[in-house]
Amino acid sequence: MSDLSFPPANISDVMSGQKLADRLYPLIGTKFSLTKNPRTNGSALRKIISKQLDDGRIQIADKNDFEIVPVRKKGVPKLLACLADSYIVTTGNSYNLQVWNRFPNTSNVLVRYKKDNTLIKCDDIRFILVQIDTNKQQIKTIIVATPQYIVDNFGVFGVPTMKYQLIIAETKRKEITGLFPKCLFFNDTPNMTAHTQHGDFNITDSISTSPQSGKLLPLKVIKSKVVSSLLGRKLINADTKTRGQELERLVATLLGYQVDDPLVGGYPDIPNQLLEIKVQDSPTVDLGKYSPSNPVVIDANLNITTEDVRYLIALTDKSGNIEGISLCPGNKLGDSFTFVNGTSYKCQRSIPMNFLESFSGKSVFNPKYPGNQ
DNA sequence: GCATAATGGTCTTTCGAAGG
DNA sequence: CCTTCGAAAGACCATTATGC
């Protein structure tokens, strides 16, 4: 078995799209058990695909013969030896194809061969879409497609979505849960203090009301209102998304917002208090589009940036018990935790499920699709 | 109302250090 | 030197909010 994360020895020997589809056909109808974890499913699928493709004849390049161009291999597909990457499709009306850290239908370079300067570019990478029949727990459809095909049939990949991340090291987490009280706290930035009201007061605005100078609670007050109530509390919802909203609701209520005041999406979670709220039971904190590591003005009137926005991170165990809290302005996050270097982004393209359904039971390459525009 | 952009957060993989 | 381990990094898929 070769390591398919290496580039092919010779690009001309790589299987054509049709060959890939043919080789994968035997997988149709085979068992594939979905776990409740998407990330695991995608990975499990990739292993099956790799095994099916690698008949021992795939020649990979010597490690001295090529150079990976993107920094830290970001965006290089897993099945590089086959100039492909696999994606799992389950249910819904449409499938959201999400490609990380590369622009699929461009000639941006991924690999350069040292001998002759041959290149592997983004548009050389084929998508292997594998649809799972969730009832039968079987592989149902396989579609191999080029980036150009996706663009021609379904439209361009939209603007990339940025994602910033933060790591809370296990040691740091233990440090926080060992504090008394179990809360890591830093006070507001001077920028924020300029707009906070001294002392406590009643909230009359709603969560979504834009922040008003002089009507922001000082972070110390927020601390006194929420921390002791949250510690030791259990978030009852099972799935992470609802859990996050549960905490958001809890915090809003503790701060004095009306119970029926609707939550709002976007950043930060409670705009009226310039407060972002996160639940974490794993080390990776997903900051999303905005990060204090890359200061951006969030409120031009108040001159507030992501460094001033307050972050409440509830550290929970796997069952939702709040074991510790970090409450500080964005600019302090980096003091205790580690920002992941650089930025990651993804390009997305939604594909109607009808497309996949129409090739049910087959394994095809760039198929003619009458349903397209 | 629809397609796109963004949020959600955890999981796998990688990498370098430590241990045998 | 090889293996193991933990921390860091990168990526995964689902779903919802947003803007036209």
Side-chain angles (χ1 to χ4, degrees), chain A residues 3-5 34-47 50 68 70-80 85-102 127 129-132 134 154-174 208 235 237-248 262-269 271 276-291 293 313-318 320 337-353 373:
Chain A
D3 182 346
L4 299 189
S5 71
L34 290 163
T35 69
K36 64 171 188 178
N37 187 315
R39 182 67 187 80
T40 308
N41 295 334
S43 176
L45 175 75
R46 178 161 291 116
K47 283 173 186 149
S50 300
I68 300 286
V71 285
R72 296 190 303 278
K73 290 176 86 173
K74 280 169 81 134
V76 175
K78 290 289 191 329
L79 304 177
L80 184 57
D85 218 345
S86 67
Y87 299 83
I88 190 168
V89 182
T90 53
T91 55
N93 289 326
S94 66
Y95 168 65
N96 186 17
L97 174 58
Q98 301 172 75
V99 181
W100 279 92
N101 292 321
R102 69 172 189 273
F127 300 112
L129 308 183
V130 180
Q131 187 186 25
I132 307 298
T134 53
F154 307 110
V156 297
F157 286 83
V159 301
T161 297
M162 298 298 196
K163 225 168 151 83
Y164 288 93
Q165 296 174 312
L166 182 79
I167 306 290
I168 298 179
E170 196 53 39
T171 48
K172 196 72 200 180
R173 169 184 271 261
K174 289 209 175 95
S208 59
L235 300 173
N237 286 290
D239 90 287
T240 52
K241 186 146 192 161
T242 328
R243 219 179 245 187
Q245 287 172 342
E246 184 185 353
L247 179 68
E248 216 178 306
L263 298 174
V264 289
Y267 176 87
D269 293 313
E276 178 74 359
I277 299 170
K278 308 238 160 240
V279 180
Q280 289 307 135
D281 69 7
S282 90
T284 316
V285 182
D286 222 53
L287 297 173
K289 187 184 178 183
Y290 298 104
S291 167
S293 65
I313 303 175
L315 306 172
T316 70
D317 64 12
K318 296 289 173 192
F337 315 126
T338 316
F339 286 108
V340 171
N341 268 325
T343 63
S344 291
Y345 64 89
K346 66 174 166 190
C347 296
Q348 303 178 89
R349 178 67 256 175
S350 78
I351 295 172
M353 202 57 84
Q373 53 278 65

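Chain A is the first sequence line, chain B the second, and so forth, proteins listed ahead of strands; every chain is numbered from 1.
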Please assess A:Asp85 against A:Arg46 for the test salt bridge (charged side-chain N to carboxylate O under 4.0 Å, His left out), listing each intermediate value before the final yes or no.
CA-CA 8 Å; A:Asp85 218 345; A:Arg46 178 161 291 116; 2.9 Å; yes
Ignoring hydrogens and geometry beyond distance, is the side chain of [X] in donor-acceptor contact with the base of [N] at under 3.5 Å?
| X | N | answer |
| --- | --- | --- |
| A:Asn96 | C:dT15 | yes |
| A:Lys78 | C:dG10 | no |
| A:Gln348 | B:dA6 | yes |

Between [N] atom [atom2] and [X] atom [atom1], what is the distance in whole Å?
| X | N | atom1 | atom2 | answer |
| --- | --- | --- | --- | --- |
| A:Arg349 | B:dC2 | CZ | P | 16 Å |
| A:Tyr345 | B:dT4 | OH | P | 19 Å |
| A:Glu248 | C:dT16 | CD | C1' | 13 Å |
| A:Asp85 | C:dG10 | CG | P | 16 Å |
| A:Trp100 | B:dA5 | CH2 | P | 14 Å |

Return the nearest nucleotide to the side chain of [X]; candidates are [options].
| X | options | value |
| --- | --- | --- |
| A:Lys278 | C:dA11, B:dG8, B:dT13 | B:dG8 |
| A:Gln98 | C:dA14, B:dT13, B:dG9 | C:dA14 |
| A:Thr338 | C:dA9, C:dG10, C:dC13 | C:dA9 |
| A:Ile167 | B:dT7, C:dA11, C:dA8 | C:dA8 |
| A:Asp269 | C:dA11, B:dA6, B:dG8 | B:dG8 |
| A:Tyr87 | B:dT4, C:dC13, B:dT13 | C:dC13 |

Do the side-chain N or O atoms of [X] get closer than 4.0 angstrom to the phosphate oxygens (OP1, OP2) of [N]?
| X | N | value |
| --- | --- | --- |
| A:Arg46 | C:dC12 | yes |
| A:Gln280 | B:dG9 | no |
| A:Ser43 | C:dA11 | no |
| A:Asn101 | C:dA11 | yes |
| A:Lys346 | B:dT7 | no |

Test: salt bridge (Lys or Arg N to Asp or Glu O under 4.0 Å). Region: residues 156-168 of chain A. Which pairs qualify, not counting sequence neighbours?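 Output for this query lists A:Lys163-A:Asp286.
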- Residue met sooner reading DNA chain C from 5', once A:Thr90 and A:Lys74 are mapped to nucleotides: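 On the 5' side of the pair lies A:Lys74.
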The answer to which of A:Ile168 and A:Ser86 contacts DNA chain C further toward the 5' end, by nearest nucleotide, is A:Ile168
Classify [X] by what it touches in the nucleic acid, base, sugar-phosphate, or nothing, heavy-atom distance under 4.0 Å.
| X | value |
| --- | --- |
| A:Lys47 | sugar-phosphate |
| A:Lys163 | base |
| A:Thr161 | base |
| A:Arg102 | nothing |

Any donor-acceptor pair under 3.5 Å from [X] side chain to [Y] backbone:
| X | Y | value |
| --- | --- | --- |
| A:Gln165 | A:Val285 | no |
| A:Tyr164 | A:Lys289 | no |
| A:Arg349 | A:Val156 | yes |

By nearest heavy atom, map A:Lys73 and A:Val285 onto DNA chain B; which one lands nearer the 5' end?
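Its nearest nucleotide being more 5', the pick is A:Val285.
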DNA chain B nearest-nucleotide lookup for A:Gly288 and A:Gln165: closer to the 5′ end is A:Gly288
(message) Within the structure provided, determine whether A:Val89 and A:Met353 are in side-chain contact (heavy-atom separation under 4.5 Å).
(response)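 The answer is yes; the side chains approach within 4.5 Å.
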